[in-house]
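See structure below.
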Amino acid sequence: MPRVSAYEMVEVRDALRVILEKAAPVGVEIVPLTGARGRYLAEDVLADADLPGLPRSSVDGYAVIASDAATDLKVLGELTAGRLGDAPVTPGTAVRIMTGGSLPEGTDAVVMFEDVEEVDGRAILQHKPRTGENVHPPGMDLTGGQTVLCRGRRIGPAEVGLLATVGCVQVPVFRRPRVGVLATGDELVDPEQTPPPGGVRDSNRFAVMTAAQDAGAEVVYQAHARDVEAILERSMREALAGADVLITSGGVSMGTRDLIKPLLERMATIQFGRVSFKPGKPLTFATTAEGKLCFGLPGFPVSSLITFEVFVRPALLKMCGAEQWMRPRVEAILGHDIRPDPVRPEYQRATLTWDEHHFVARTTGLQASSRLMSIVGANALLEIHPGTETLTKGTMVQALLLANL
Ligand code: AMP
Ligand code: MG
């Protein structure tokens, strides 16, 4: 049994480059507007017409002719939104108009109710209107033919609103990547069970499934397999049969029951088997002949989620067709001393808070790779470069933002 890994240690950026080279959208499908939330557009979407199509009042008031010398006008009638006037407005007259109403022919300004007194069917303007006052001109919001949403755009509330506005109810989106999640380990029991002495509840399967769904993927397979070669191989092949991406947890280190790397060697090509990264050095990435991606995440719960965050999430987002797959990066000042790892870049879980001029970063306590509590509540990952000297409070570091602050 060799005591030194046969796999070359790759740097984070090289690992990411290899992964992203292999990750590509997996197809396109049409979904109804009401099912488009969180999906990524597969095509540019254009406006089908000007919006508004006609000059429109932006207030409740009186539609008038701005150049009219008179300020005491006969009110011809009332126009509500969606109705068109039947007679043109001529000098000396006005039409009462509601917000969203299309300006009657001849008018070019709206004086709001607050600036008008109406007595006996006559509107008395309290000021001389300006051309275009309170009028939204045609095409102000959208111009017909204009690209309103670009391919790769994530569909959220504003995007759904725009799709509805331009009548795009059959929405072309990228298909979600299908993911199979396999937790490995003889010591694992299902969460509803009480672990026997030495056992642990399988948390990674559920945490990783959730992370995959958060990254836009569809989980099509999930299981727990014991550290028995034949069982593992069967589960891995089963997962891969229906998925675009296989994600395993555990069994990738140097132990005698760490069987994932040799099994991946058999069914795929290992692109790398170790990363200079903490937590999660044994992260393994392989690709199959059909172009499916396999990630062997380390077993420790923090290692599996943080390697997912840094390496798997960008791949899934790219497969989803997202235009942007990396987290935003900011600078922050350490709120306390931090001791770096001597050889590997470390991604410490932290909370960033805004302190007048800058973000201040405080880690979430003990950064042990078994301690899930170090992720709960974190809104950033600090990228701590390796070194032998303590980084003192006040040192500037870079952070990946995990959540909106
Ligand atoms: P391994 O990478 O398989 O050697 O696992 C490393 C550590 O992570 C061990 O202490 C395991 O018990 C723990 N671990 C592995 N898989 C899981 C899991 N699915 N849920 C919770 N802990 C796990
Ligand atoms: Mg194990």
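For ligands, and for the atoms within them, numbers begin at 1 and follow the listed sequence.
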State if R201 counts as touching ligand 1 under the rule of any non-hydrogen atom under 4.0 Å. yes
Which is closest to atom 13 (C) of ligand 1 in terms of heavy atoms, A183, G299, S304, A207? G299
Hey, mind stepping through Y40 and F174 against ring pair (Phe, Tyr, Trp, His ring centres under 6.0 Å) and telling me if it holds? CA-CA 6 Å; Y40 295 85; F174 289 104; 8.0 Å; no
Mind telling me whether W354 and F359 have parallel, tilted or perpendicular rings, with 30° and 60° as the class edges? perpendicular
Ligand 1-proximal atoms of V200, by part, heavy-atom distance under 4.0 Å: side chain
Can a non-hydrogen atom of G255 be found less than 4.0 Å from any atom of ligand 1? no
Between S249 and ligand 1, which part of the residue brings a heavy atom under 4.0 Å of the ligand: side chain, backbone, both or neither? side chain
Answer yes or no: is there an ion pair linking E323 with R153, defined by an N-O contact shorter than 4.0 Å? yes
Side chain, backbone, both or neither: which part of V252 comes within less than 4.0 Å of ligand 1 when only heavy atoms are counted? neither
Near-ring test F113/Y62, centroid separation under 6.0 angstrom: yes
Sub-4.0 Å heavy-atom contact, G185 with ligand 1: no
Which part of P282 is near ligand 1, with near meaning a heavy atom under 4.0 Å away: side chain, backbone, both or neither? neither
Between R151 and D44, is there a salt bridge with N-O shorter than 4.0 Å? no
Close-contact set for ligand 1 against F300 heavy atoms, below 4.0 Å: 6 (C), 7 (C), 8 (O), 10 (O)
For residues 21-36, the salt bridge (charged side-chain N to carboxylate O under 4.0 Å, His left out) pairs (sequence neighbours left out) are R17-E21, E29-R39
